[in-house]
Number of protein chains: 2
Amino acid sequence: MADTRWLDEGEQQTWRTFLTAVHLLEGALDRQLRRDSGLPHAYYQVLVALSEAPGRELTMTGLARLLRSSPSRLSHAAARLEEGGLIRRFKRPGDRRTTIAGLTPRGMETLRSAEPGHVHEVRRVLFDALTDDQVGQLRGIAESMLGVLDPGEEESRYAGPTGTGSQD
Amino acid sequence: MADTRWLDEGEQQTWRTFLTAVHLLEGALDRQLRRDSGLPHAYYQVLVALSEAPGRELTMTGLARLLRSSPSRLSHAAARLEEGGLIRRFKRPGDRRTTIAGLTPRGMETLRSAEPGHVHEVRRVLFDALTDDQVGQLRGIAESMLGVLDPGEEESRYAGPTGTGSQD
DNA sequence: AGTAATAATTTGAGCCTTCAACTGTGTTCT
DNA sequence: AGAACACAGTTGAAGGCTCAAATTATTACT
């Protein structure tokens with residue numbers, strides 16, 4: 001590898017501030033969700049993804065792609081969510097390889113009841129803290145990052161689900 | 001709680017894109033560090049904080065504050081880092097409550113050898129992906145977020161260490 | 001001094017994520 | 001058909017994080 005190009009003072013502070021902010025942000029979101037609905041943020045996102053899918057069902061692989069999750073992680077998560085009765089899994093007829101995960105009524109209820117508090121928290125820690133300009137900037141920044149981090153997903157943009165949108 | 005103010009289309013996409021980007025970013029950093037130096041990102045940050053402290057030593061509490069870590073998390077981390085010989089812990093003479101963690105020579109070497117790859121990765125996934133304008137914007141955004149997420153830390157800004165700066 | 005509050009840190013259980021290995025199914029190629 | 005390959009998903013072990021409880025030491029009160 002070539003000579004290291006160290007971060008200058010400004011980059012350093014940008015990086016550290018950003019890292020700290022993200023760390024605290026994730027902590028806040030996760031704590032709120034766990035406290036108010038018993039779900040870690042990652043599991044909440046699984047429910048959201050399913051809730052928005054046609055028939056409220058998705059392939060494990062499809063779900064993993066949407067959530068940028070490893071198959072393994074998702075499989076463990078699904079096992080736990082199924083235990084709790086929030087989703088159910090079954091084989092797709094006609095292809096015994098693929099498993100389909102579907103949101104149960106109980107899962108849907110849990111999600112619905114968790115959403116308001118979650119959105120409130122997202123607003124509190126992100127949108128309320130930023131000006132409109134900053135929100136626009138953040139979007140551009142995140143998109144640029146995805147360009148590097150999420151190669152070959154250009155057409156599937158409008159990334160994964162997060163469960164903050166209006167009810168239908 | 002009052003009526004929920006849902007996220008509109010644009011906010012929704014901003015939020016999802018941001019979440020996905022951050023998720024991938026952390027994955028990339030953590031994988032790189034684990035692969036090249038055997039350290040998870042969080043543990044790497046402990047070494048960095050110590051390396052920048054006077055005498056390369058800090059109180060457990062001080063370290064926790066700097067890293068926005070719970071005492072418990074830090075204690076577990078320190079135990080493991082000590083096992084690996086990267087830090088050592090000892091009681092402060094004069095106050096047998098407080099434990100001081102210090103970077104060992106071995107820890108310093110490990111850090112030094114990990115830094116170039118880490119900086120390279122930080123550049124790759126963040127700075128190289130952004131324009132100069134965006135970098136500036138990101139800093140402002142992160143600072144705004146900290147304003148909400150990190151109350152009462154106004155004077156200790158220039159948040160925690162991350163180990164991306166130039167060697168002395 | 002003696003007792004209660006506070007502070008610093010550690011411990012253990014439970015849970016989530018990662019990684020590597022494994023099972024079972026479909027596909028392809030000859 | 002049969003071998004090799006690729007695909008979908010799961011499993012188990014190891015490690016890291018969170019939360020609540022426990023430990024030990026200092027300070028504050030009376």
Side-chain angles (χ1 to χ4, degrees), chain A residues 22-24 26-47 57-84 86-102, chain B residues 22-24 26-47 57-84 86-102:
Chain A
V22 163
H23 173 62
L24 293 175
E26 292 184 324
L29 287 172
D30 206 55
R31 249 189 314 285
Q32 183 274 321
L33 275 173
R34 284 180 129 94
R35 177 164 41 72
D36 295 354
S37 71
L39 288 170
H41 190 201
Y43 288 19
Y44 177 82
Q45 291 181 47
V46 171
L47 299 192
E57 291 177 357
L58 280 174
T59 293
M60 290 299 278
T61 300
L63 205 41
R65 230 193 285 291
L66 220 46
L67 300 172
R68 274 72 174 181
S69 163
S70 71
S72 167
R73 189 230 257 211
L74 184 59
S75 188
H76 285 297
R80 203 151 259 286
L81 287 170
E82 195 169 35
E83 259 177 47
L86 305 183
I87 71 168
R88 88 207 125 89
R89 282 183 291 184
F90 51 92
K91 290 293 181 190
R92 161 144 72 203
D95 183 351
R96 275 180 305 261
R97 275 183 306 182
T98 62
T99 300
I100 295 181
Chain B
V22 164
H23 173 61
L24 293 176
E26 292 184 324
L29 287 173
D30 205 56
R31 248 189 313 285
Q32 184 274 321
L33 275 173
R34 284 181 131 95
R35 178 165 40 73
D36 295 355
S37 71
L39 290 169
H41 190 201
Y43 288 18
Y44 176 82
Q45 291 181 46
V46 172
L47 300 191
E57 290 176 358
L58 281 174
T59 294
M60 291 299 278
T61 301
L63 206 41
R65 231 194 285 290
L66 220 46
L67 299 172
R68 273 72 174 179
S69 164
S70 71
S72 167
R73 188 229 254 209
L74 185 58
S75 187
H76 285 297
R80 203 151 257 285
L81 287 169
E82 196 169 35
E83 261 179 44
L86 304 183
I87 72 169
R88 87 208 126 89
R89 280 183 294 183
F90 52 92
K91 291 293 181 191
R92 160 144 70 203
D95 184 349
R96 274 180 304 263
R97 276 180 304 181
T98 65
T99 299
I100 295 182

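Each chain gets a letter, A, B and so on, in the order its sequence line appears, and its residues count up from 1.
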Next on the checklist: At 4.0 Å (heavy atoms only), tell me whether B:A42 reaches a base, stays on the sugar-phosphate, or touches nothing.
Outcome noted: sugar-phosphate
Checklist outcome for this item: Sorted by chain and residue number, the side-chain contact (heavy atoms from CB on, under 4.5 Å) partners of B:R65 (sequence neighbours excluded) come out as B:T61
Checklist entry - To the nearest angstrom, how far is B:K91 atom NZ from C:dA7 atom P? => result 17 Å
Checklist entry - So does B:H76 reach the base of D:dG15 with its side chain, donor to acceptor, closer than 3.5 Å? => result no
Next on the checklist: Within the 4.0 Å heavy-atom criterion, would you say A:S69 contacts the bases, only the backbone, or no part of the nucleic acid?
Outcome noted: nothing
Checklist entry - For the side chain of A:H41 and the backbone of A:L33, is there at least one donor-acceptor N/O pair under 3.5 Å apart? => result no
Checklist entry - Rounded to the nearest 0.5 Å, how far does OG1 of B:T59 lie from CG of B:L66? => result 11.0 Å
Next on the checklist: Counting only side-chain nitrogens and oxygens, does A:Y43 get under 4.0 Å of the OP1 or OP2 atom of C:dT17?
Outcome noted: yes
Checklist outcome for this item: 5'-most contact on DNA chain D (nearest-nucleotide basis), A:P71 vs A:G27, goes to A:P71
Checklist entry - Who passes side-chain contact (heavy atoms from CB on, under 4.5 Å) against A:I100, sequence neighbours left out? => result A:E57, A:F90, A:R92
Next on the checklist: Rounded to whole Å, please give me the gap between CG in A:D30 and P in C:dC15.
Outcome noted: 15 Å
Next on the checklist: In whole Å, I'd like the distance from the CD atom of A:E83 to the P atom of D:dT10.
Outcome noted: 14 Å
Item to check | Residue pairs fulfilling salt bridge (Lys or Arg N to Asp or Glu O under 4.0 Å) with at least one residue in residues 34-43 of chain A, sequence neighbours excluded | outcome: A:D30-A:R34
Checklist entry - Do A:L39 and A:V46 pass the side chain to side chain contact (heavy atoms under 4.5 Å, CB included) test, and can you show the C-alpha distance, the side-chain angles, and the key distance before you say yes or no? => result CA-CA 10 Å; A:L39 288 170; A:V46 171; over 6 Å; no
Item to check | Nucleic acid contacts - residues 33-41 of chain A versus DNA chain D, non-hydrogen atoms under 4.0 Å | outcome: none
Checklist entry - Which residues in residues 92-101 of chain A have at least one heavy atom lying under 4.0 Å from any atom of DNA chain D? => result A:R97, A:T98, A:T99
Checklist entry - Quick one: do the A:K91 and A:T99 side chains pair a donor with an acceptor below 3.5 Å? => result yes
Checklist outcome for this item: The residue, B:R73 or A:S72, whose nearest nucleotide of DNA chain D is more 5′ is A:S72
Item to check | Length of the CD-P vector between B:Q45 and D:dG16, whole Å | outcome: 14 Å
Item to check | Results of side-chain contact (heavy atoms from CB on, under 4.5 Å) for B:A42 - residues two or more places apart only | outcome: B:R73
Item to check | B:L67 backbone acceptor or donor facing B:Q45 side chain under 3.5 Å | outcome: no
